[in-house]
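Report on the following structure.
Residue numbers start at 1 and run along the sequence shown.
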Amino acid sequence: MLIVMPRPLVTPGLVGVDVGTSSSKGVLVGPDGAILRSATRAHAVDRPAPGQVEMDAAVWWDELVAIVTELTSDLAPGAVRGADVPADLEVAAVGVSGMGPCVLLADEAGTPVRPAILYGVDTRATRQIAELDAALGRTTVLDRCGSALSSQAVGPKIAWVREHEPQAWSRTRRLFMPASYLAFRLTGAYVLDHHSASQSTPLYDPRTHEWIDDWADLVAPGLELPALRWPGEAAGTTREPLAGVPAGTPVVTGTIDAWSEAVSVDATHVGDLMLMYGTTMFLVATVAEPLRSESMWGTVGAYPGTHNLAGGMATSGAITSWLRDLTGSGSSTGYAELLAEAEASGPGANGLLMLPYLAGERTPVQDPDARGVVAGLTLSHSRGDLYRAALEATAFGVRHNVETLRDAGAEISRVVAVGGGTQGDLWTQVVSDVTGLPQVVPTRTIGASYGAAMLAAGLVHEHGRLVDVAAWNPPARVVEPDPALRATYDELYGLYRDLYPATSDVVHALARRTDGPSAPTAPTRSALSPDRATLEGAPA
């Protein structure tokens with residue numbers, strides 16, 4: 001570990017920046033964990049075709065520069081600093097994190113050859129998943145990598161680029177994700193953290209903590225895989241000054257945003273479940289030993305020696321945003337009115353039941369062709385009923401994921417709620433009522449950028465786990481389930497579980513009409529399999 005001790009009489013400041021699906025966020029943090037400043041830059045993803053979700057990596061870098069400049073420009077030598085920071089504060093380390101697992105392919109100089117393909121919300125590689133399952137064996141991949149191939153996996157998306165964009169692939173030499181790309185731009189180091197690598201199925205072995213060379217040669221021949229480090233280890237130091245961040249400042253390797261967020265709220269102990277309320281809903285359970293699940297994701301944790309079983313819904317906050325826009329209540333005043341109407345609607349949304357699969361679904365359904373369904377609509381229903389049904393749908397999805405985690409052997413004894421959705425009371429209360437689980441809401445729920453700053457703090461302390469998170473970010477409140485609603489929500493949850501199989505044939509047919517078929521097909525001649533001998537001779 002790179003150890004950089006702060007100079008005497010200097011207050012070490014920490015910068016954390018996270019690139020998310022809908023925005024990038026940054027914080028300037030004092031040595032006691034106080035957030036001195038924060039900054040945000042909103043952005044949008046690109047959807048070039050049905051099932052495809054991309055983003056230009058230049059946006060990630062431009063937003064990091066803008067955020068760091070906003071946070072630290074007055075800390076540069078000779079600048080007049082604001083009164084909101086200590087007079088002797090200097091930036092001692094930088095932390096980065098970002099959405100993932102993403103696929104950003106670049107040439108040998110690190111210049112992207114195409115936009116980044118995002119995580120499981122991008123479902124383009126269904127056929128490549130089927131081909132890799134045939135080539136490697138679905139059970140073999142699950143046993144060796146901890147996760148089965150799905151829309152979340154990196155390997156099939158690389159294979160898709162090889163097949164569909166040979167010119168871009170011919171220039172490809174490097175693989176980045178948002179955090180590693182920012183670390184590269186800052187330091188020049190080509191590294192990736194072990195956790196992100198463990199979501200790069202089928203390229204990484206979580207037991208040996210090494211790349212799987214034979215499978216990498218099959219999926220991505222010629223790709224130079226990055227050096228592996230743990231999220232809290234240094235990638236390197238800044239090559240040039242950036243606003244108030246001097247050249248030579250250590251930069252953490254970083255990791256995927258949900259795991260950085262788990263660090264920020266101390267949800268990294270066996271029995272912890274972090275529930276992240278965002279554009280998508282994410283769940284990270286910390287387990288005592290590696291667990292395998294056909295429908296969830298087994299990964300290594302943010303710290304050496306830790307293991308996780310995780311899941312993610314394709315939409316959650318995205319549905320509520322969509323409904324706000326659809327009903328013309330996008331302003332802050334209109335949003336408050338909509339929440340009040342949803343609360344007045346009451347449990348069960350006056351007889352409405354929704355499936356939250358508006359962008360397909362990830363875990364545990366693993367169905368890119370799933371679609372949203374609203375059942376029980378009448379002329380008497382209001383927008384508040386619809387909004388309540390959407391909140392309850394995400395809560396039913398959380399319960400489905402929690403049950404699947406427990407069925408796989410995960411112990412869940414403490415739930416920590418994080419993310420923007422925790423700012424109000426209604427959504428978290430609905431989730432606790434539906435699941436029967438209390439949720440601890442920390443004092444600071446600003447997100448992964450805060451976790452990135454915590455990881456960076458390890459570079460200016462002598463010991464790896466650096467921060468007393470309980471002191472930096474103590475619990476603010478606990479959301480307790482209402483036992484009087486248990487029977488109501490048990491009944492509605494049973495109907496929710498029945499609704500998907502009852503409607504799947506219809507919604508799959510509708511998906512084919514709008515998106516074209518994405519059902520798995522038999523392996524064909526492609527970039528992954530130039531001939532049948534390649535498939536038949538692959539490891540099994």
Side-chain angles (χ1 to χ4, degrees), residues 1-18 25-38 71 84-97 230-234 250 252-255 257-277 284 286 301-306 308 413-420 422-423 428 438-479:
M1 176 183 292
L2 175 65
I3 300 173
V4 180
M5 296 299 294
R7 297 194 303 272
L9 305 180
V10 171
T11 299
L14 305 160
V15 170
V17 178
D18 172 71
K25 298 178 182 178
V27 290
L28 176 64
V29 177
D32 59 352
I35 297 174
L36 305 175
R37 293 172 178 167
S38 61
L71 294 175
D84 55 342
V85 296
D88 61 347
L89 185 136
E90 294 183 4
V91 177
V94 176
V96 289
S97 65
W230 289 99
E233 292 182 320
V252 79
T253 299
T255 189
D257 52 6
W259 276 258
S260 182
E261 193 142 15
V263 168
S264 79
V265 296
D266 202 28
T268 58
H269 308 282
V270 173
D272 286 347
L273 173 69
M274 188 203 71
L275 185 56
M276 187 173 77
Y277 292 75
V284 179
T286 302
Y303 295 117
T306 59
N308 297 121
S413 55
R414 174 175 173 261
V415 180
V416 183
V418 300
T422 64
Q423 299 304 311
T428 50
Q439 297 176 81
V440 177
V441 181
T443 300
R444 299 183 176 101
T445 60
I446 194 167
S449 58
Y450 192 50
M454 283 187 177
L455 289 171
L459 303 183
V460 294
H461 290 68
E462 293 186 72
H463 305 291
R465 269 200 166 176
L466 69 119
V467 167
D468 180 356
V469 181
W472 270 42
N473 197 11
R477 59 190 172 93
V478 177
V479 182

Legend entry - Contacts of Asn473 that satisfy side-chain hydrogen bond (donor to acceptor under 3.5 Å, both in side chains) - sequence neighbours left out: none

Legend entry - Heavy-atom closest contact (Val252 atom, Pro231 atom, distance): CG2-O, 2.9 Å

Inset, instruction - Could you please spell out the steps behind the side chain to side chain contact (heavy atoms under 4.5 Å, CB included) verdict for Val27 and Ile446? - result: CA-CA 9 Å; Val27 290; Ile446 194 167; 3.4 Å; yes

Legend entry - Donor-acceptor pair, side chain of Glu261 and main chain of Met276, under 3.5 angstrom: no

Legend entry - Chi angles and distances behind the side chain to side chain contact (heavy atoms under 4.5 Å, CB included) call for Met274, Val284: CA-CA 5 Å; Met274 188 203 71; Val284 179; 4.1 Å; yes

Inset, instruction - Kindly say whether Gly33 contributes a backbone atom to a donor-acceptor pair with the side chain of Tyr450 at under 3.5 angstrom? - result: yes

Legend entry - Partners passing side chain to side chain contact (heavy atoms under 4.5 Å, CB included) against Pro474 (at least two apart in sequence or in another chain): Thr443

Legend entry - Donor-acceptor contact below 3.5 Å, side chain Thr253 vs main chain Glu233: yes

Inset, instruction - Rounded to the nearest 0.5 Å, what's the gap from OG1 on Thr286 to CH2 on Trp259? Could you check? - result: 9.5 Å

Inset, instruction - Determine the minimum heavy-atom distance between Ala417 and Thr445, stating which atoms define it. - result: O-CG2, 4.3 Å

Legend entry - Contacts of Arg414 that satisfy salt bridge (Lys or Arg N to Asp or Glu O under 4.0 Å) - sequence neighbours left out: Asp272

Inset, instruction - Over all heavy atoms of both residues, which pair between Leu459 and Pro250 is shortest? Give the atoms and the distance, please. - result: CD1-CB, 3.8 Å

Inset, instruction - Could you tell me which residues satisfy side chain to side chain contact (heavy atoms under 4.5 Å, CB included) with Asp257, sequence neighbours excluded, listed by chain and number? - result: Asp18, Met99, Ala448

Inset, instruction - Report yes or no: does Arg37 contribute a side-chain atom to a donor-acceptor pair with the main-chain N or O of Leu71 at less than 3.5 Å? - result: yes

Legend entry - Matching residue for Met454 among Val263, Leu14, Val265 - test: side-chain contact (heavy atoms from CB on, under 4.5 Å): Val263

Legend entry - Distance-minimising heavy-atom pair for Arg477 and Thr422: NH2-O, 2.8 Å

Legend entry - For the student: nearest non-hydrogen atoms of Ser449 and Gly26, plus distance: CB-CA, 4.1 Å

Legend entry - side-chain hydrogen bond (donor to acceptor under 3.5 Å, both in side chains) involving Asp32 - partner list, sequence neighbours excluded: none

Inset, instruction - Compare every heavy atom of Gly16 with every heavy atom of Ala452, then report the nearest pair and how far apart it is. - result: CB-CA, 4.1 Å

Inset, instruction - Could you list the residues that satisfy side-chain hydrogen bond (donor to acceptor under 3.5 Å, both in side chains) with Thr255, not counting sequence neighbours? - result: Asp193

Inset, instruction - Check Asp84, Val29, Leu89 against Leu36 for a side-chain contact (heavy atoms from CB on, under 4.5 Å) and give me the one that passes. - result: Leu89

